[in-house]
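In what follows, a structure is listed as structure tokens, so that the remarks can point back to it.
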Amino acid sequence: MRIRKEIFPMLSQDQLPTAEIVKCYIDSNYRRLGIGTILFNQALRFCNDVGYEKIYLHTHLFLPGAIPFWKAKGFEERLAEDNPVWNTVHMDRKM
């Protein structure tokens, strides 16, 4: 994956081989049981095995627990869009 410079120039500082986590959602009845961590660790192993050097994702402020979860997994905020509807936060982490 290459982050499109014309859309997010501040996110494309390097050209590392980058994987994107597109969806990661746990039913509210099963949260806080470690399922998200298990899924993420599987994705992390895959990314490592195939040679990705960075993982990118975006999430939204209205999703409960999303930002703390990803920060606990080593992701850093790169851009918080100023959009009153979506409040998108772009995050990444190096492998």
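Of the inter-residue distances, the one linking Leu16 atom CG with Ile55 atom CD1 reads 12.0 Å to the nearest 0.5 angstrom. Residue Lys94 holds its NZ atom at 8.5 Å from CD of Glu53, rounded to the nearest 0.5 Å.
Membership of an apolar cluster is not assigned to Ile38, as no side-chain contact below 4.5 Å to another ILVMFWY residue is traced.
At a threshold of 4.5 Å between non-hydrogen side-chain atoms, the residues Tyr56 and Met91 do not count as touching.
More than 12 heavy-atom neighbours from other residues, nucleotides or ligands sit within 6.0 angstrom of CG on Asp49.
Contact between Pro17 and Gly51 at its shortest, heavy atoms only, is CB-O, 4.1 Å. A pairwise comparison of heavy atoms in Arg93 and Gly74 identifies CB-O, 3.3 Å as the closest pair.
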Which side-chain N or O atoms in residues 57-68 pair as donor and acceptor under 3.5 Å with protein atoms at least two apart or in another chain?
unit_1 : atom_1 : unit_2 : atom_2 : d
His60  : ND1    : Trp86  : O      : 3.0
His60  : ND1    : Thr88  : OG1    : 3.3

For residues 29-36, which side-chain donor-acceptor pairs fall under 3.5 Å, sequence neighbours excluded?
unit_1 : atom_1 : unit_2 : atom_2 : d
Asn29  : ND2    : Asp27  : OD1    : 3.1
Arg31  : NE     : Ile26  : O      : 2.8
Arg31  : NH2    : Tyr25  : OH     : 3.2
Arg31  : NH2    : Ile26  : O      : 3.1

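Among residues at least two apart or in separate chains, salt bridge (charged side-chain N to carboxylate O under 4.0 Å, His left out) pairs with a member in residues 56-77 are Lys71-Glu77, Glu76-Arg78.
In this structure Val50 satisfies the side-chain contact (heavy atoms from CB on, under 4.5 Å) test together with Phe46, Tyr52, sequence neighbours excluded. With sequence neighbours excluded, the residues that form a ring-ring contact (aromatic ring centres under 6.0 Å, His included) with Phe40 are Trp70, Phe75.
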